[in-house]
Amino acid sequence: MGRKKKPWYAFLNKKFFYRNIGLYANHTLIGGVIVTAIAATLAFLAVESREKKEFFYMANEISNELIDCLDDHAMMLRAGIAYMTLSDTVTQTDWEIYIENAKIYQYMTDVQGMGFSLIIPDTTLQQHVDAIRSESFPNYSVFPSYPREVYTSIVFVEPFTGRNQRAFGYDMFTDPVRRKAMEHARDNDIACLSGRIRLELDTGGEELYGSLMFVPFYKPYASAATVEQRRKTIRGWLYSPYRLKTLMDEIYKNINKGEKFQILLYDELVGDSTIMYDSQGIGSEAFSGWHFRGINLPIYFHDNKWLLHYAQLRRFPYMAFFFLIAGCIISILLYLLMKGFSAIESRSQQIRMKNKQLKTLNATKDKFFSIIAHDLKSPFNAVLGFSDMLVAHVDNMEKKDITRMAHLINKSANLAVGLLTNLMEWSQSQTGRTKFAPEDLEVGPLVDEVVFLFVDVANEKGVEIVKDLPEQLTVFADREMLKTIMRNLISNAIKFTPRGGRVTISAEMQEKGLLMSVADTGVGISEQNLKKIFRIDENFTTAGTEKEEGTGLGLILCREFVEKHKGRIWVESITGPSAKTGSVFSFRIPYKPAR
């Protein structure tokens, strides 16, 4: 019979839980920290995902708004082309009235201006200058003034104030950046944006950049289906200048909802030489690093490409931080609480152990006094009583009566000697004076030596003793302790076996050590009493089949001596009307016990 293995759900048992609560405290702390880390990570990822979606939405919204503004400006310039197509001669005053009635600056507040640049052959330059000067602009001239085959001049521009007034007469064809956009617009009949242009006229020294949108104006009603036709029929360009800071700030202000946000606008490629706008100010440090998120979105307008770079400061993950701190605090509190319960349980266990020791000591004391007061007194009283009768009546008694008296006295004396022997060995064991001296022993001769003591008793009762022992069987054990174990087990087996019964002594060497058994064909032991026979705190003793008396001390002594060898003793028994009743006392002693 082996010990039952605890099931996996044993921790649900209250006693088992409190007994192991110290171990569970460590598991709770580790598990709590792991769960907290997972919860905090999931909370961080959830918030990051939501904020990332909001960030991408805002970036796309700004990009779309910029594209819409460019499309609106292109339509505005196309409307100007349609107006100029209706008349052969449009004066500065006509242009001013058109712009005012169109209410462009009321509905398109981000428009910096709207003008017309006229193409002037070098042969008609002076005639052109004289005509403009005659219209109340005596200081008009086309600049720069170096000689060239073709001139262009800004002849209409509204509002005609400030920077626009200073641009009156400027030849944009002399600037490579502007010229490239004007030629591309002319050849493809599309609205075209110029590259980055540094603004110097009215920035007050601040580094600002702008761009211009050009829409070609061809000779009315002339065919402009091919590039060659367009180059022949081109008369000029309607244009609209953009101060990109003003344009982007207006869009940024309308869409941004107070976020820490940076927008960078580049002409085609990212670089210091192509940057056109920075919401934090050109030259400021760009948002970069793990605590920022960013995205690049291209802006396509006809054949032009701009690149918008968005960067946003990640918010501090308050929710994840809350989960982390709260989870750690709860885990630590649970750990400390369970450790406190563990300390209380440890103290309670010590108290229970002390109580158990006290109970055992009290039971030992009661057992000792019981043996002295009753069990040991009874055989001596019998010896004294029968010996007194012999002394008083020996002369008047027949021989058979004297013999019967002598047998009774001998029986009582042997019982007293057995009790004293067990009592002496038990007391030495309890006080720690029993010497434990294991050695290699042959089992067969030792069993023969013990059986010899009971041959007469067994023959008188008609009980057969059978030995089933392998030859040359050895065990590493204390000789006197092993003899005491066998003596008590054989004595009990004979006592509880009726006449004509049998006691079988067997032994075998197993993997775990020596297994020895003493089996009888006696009356057996009830299941209730099986739990008591090895316990000193249970005053359990029964008379034999022929009223043989006992103290119950022998089996307790057997258990202590077996455990001294790091072994184990147990009993199996069958009771009732069955023909196969009896008990089997078995014990196992390791062959080489742990030292």
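In terms of the salt bridge (charged side-chain N to carboxylate O under 4.0 Å, His left out) criterion, residue partners of Arg293 (sequence neighbours excluded) are, by chain and number, Glu48, Glu51. For Tyr310, the side chain to side chain donor-acceptor pair (under 3.5 Å) test picks out Ser63, with sequence neighbours left out. When the side chain to side chain donor-acceptor pair (under 3.5 Å) test is applied to Thr28, no partner is found at least two apart in sequence or on another chain. Residues satisfying the side chain to side chain contact (heavy atoms under 4.5 Å, CB included) test with Glu511, not counting sequence neighbours, are none. Remark: Asp278 pairs with Gln262, Ser284 by the side chain to side chain donor-acceptor pair (under 3.5 Å) rule, at least two apart or across chains.
No donor-acceptor pair closer than 3.5 Å links the side chain of Arg487 to the backbone N or O of Phe454. With hydrogens and angles disregarded, no donor-acceptor distance shorter than 3.5 Å links the side chain of Ser49 to the backbone of Leu45. Between the Asp520 side chain and the Val503 main chain, no donor and acceptor come within less than 3.5 Å of each other. Remark: side-chain polar atoms of Thr474 are not paired, donor with acceptor, to backbone N or O of Glu442 under 3.5 angstrom. Side-chain atoms of Arg588 never come within 3.5 Å of backbone atoms of Leu514 as a donor-acceptor pair (strictly under, hydrogens ignored).
Between Gly567 and Pro590 the shortest heavy-atom distance is CA-CD, 4.0 Å. Minimum interatomic distance between Ser573 and Gly524 (heavy atoms only, all atoms of both residues): OG-CA, 3.2 Å. Here the closest non-hydrogen pair linking Gly444 and Leu469 is CA-CD1, 4.1 Å. Between Ile295 and Ala59, the shortest heavy-atom contact is CG2-CB, 4.2 Å. The minimum heavy-atom distance between Phe323 and Ala40, with the atom names listed, is CB-CA, 4.1 Å. Across all non-hydrogen atoms, the minimal contact from Phe496 to Pro498 is O-CD, 3.9 Å.
The shortest side-chain heavy-atom distance between Phe44 and Leu324 does not fall under the 4.5 Å cut-off. Inter-residue side-chain proximity for Asn492 and Lys495 is flagged as met; some heavy-atom pair is nearer than 4.5 Å. In this structure, the side chains of Met516 and Met486 come closer than 4.5 Å at one or more pairs of heavy atoms. For the pair Val475/Leu446, no side-chain contact is recorded, criterion being any heavy-atom separation below 4.5 Å from C-beta on.
Within 6.0 Å of CD on Glu398 lie no more than 12 heavy atoms contributed by other residues, nucleotides or ligands. The environment of CZ in Phe322 is sparse: at most 12 heavy-atom neighbours from other residues, nucleotides or ligands sit within 6.0 Å. More than 12 heavy-atom neighbours from other residues, nucleotides or ligands sit within 6.0 angstrom of CD on Glu439. Heavy-atom contacts from other residues, nucleotides or ligands closer than 6.0 Å to CD of Glu471 number 12 or fewer. Heavy-atom neighbours of Phe316 CZ from other residues, nucleotides or ligands within 6.0 Å: above the threshold of 12.
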Original post:
Can you check side-chain contact (heavy atoms from CB on, under 4.5 Å) on Val447 and Lys467, steps first, answer last?
Top reply: CA-CA 9 Å; Val447 172; Lys467 293 178 289 182; 4.1 Å; yes

**OP:** Any chance you could lay out the side-chain contact (heavy atoms from CB on, under 4.5 Å) test for Met509 and Leu473, step after step, and finish with the verdict?
**Re:** CA-CA 8 Å; Met509 184 58 70; Leu473 183 63; 3.9 Å; yes

**OP:** Evaluate side-chain contact (heavy atoms from CB on, under 4.5 Å) for Asn488 paired with Leu555, printing each intermediate quantity in order.
**Re:** CA-CA 7 Å; Asn488 280 286; Leu555 291 177; 5.7 Å; no

**OP:** Take Arg502 and Thr497 through the side-chain contact (heavy atoms from CB on, under 4.5 Å) test and state the conclusion after the steps.
**Re:** CA-CA 7 Å; Arg502 183 171 62 253; Thr497 300; over 6 Å; no

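Aromatic ring centres of Phe55 and Phe261: separated by under 6.0 Å. Taking the ring centroids of Phe436 and His565, they lie under the 6.0 Å cut-off.
Across Leu489, Asp468, Ile465, a single residue satisfies side chain to side chain contact (heavy atoms under 4.5 Å, CB included) together with Ile505, and that is Ile465.
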Residues 326-336, side-chain donor-acceptor partners within the protein, below 3.5 Å, at least two apart:
unit_1: Ser331; atom_1: OG; unit_2: Gly327; atom_2: O; d: 2.8

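Taken to the nearest 0.5 Å, the CZ atom of Phe287 stands 9.5 Å off from the NE2 atom of His309. To the nearest 0.5 angstrom, Glu572 atom CD is 11.5 Å from Ile525 atom CD1. Between the OG atom of Ser279 and the CG atom of Leu264 there is a distance of 6.5 Å, given to the nearest 0.5 Å. Distance CD1/Ile263 to CE/Met58: 9.0 Å, rounded to 0.5 Å. Expressed to the nearest 0.5 Å, how far CG of Leu453 lies from CD1 of Ile490 amounts to 8.5 Å. In this structure, CD1 in Ile569 is found 11.5 Å from CD in Glu560, a value given to the nearest 0.5 Å.
Ion pair Glu54/Arg50 flagged as a salt bridge, since at least one NZ, NE, NH1 or NH2 atom sits closer than 4.0 Å to an Asp/Glu carboxylate oxygen.
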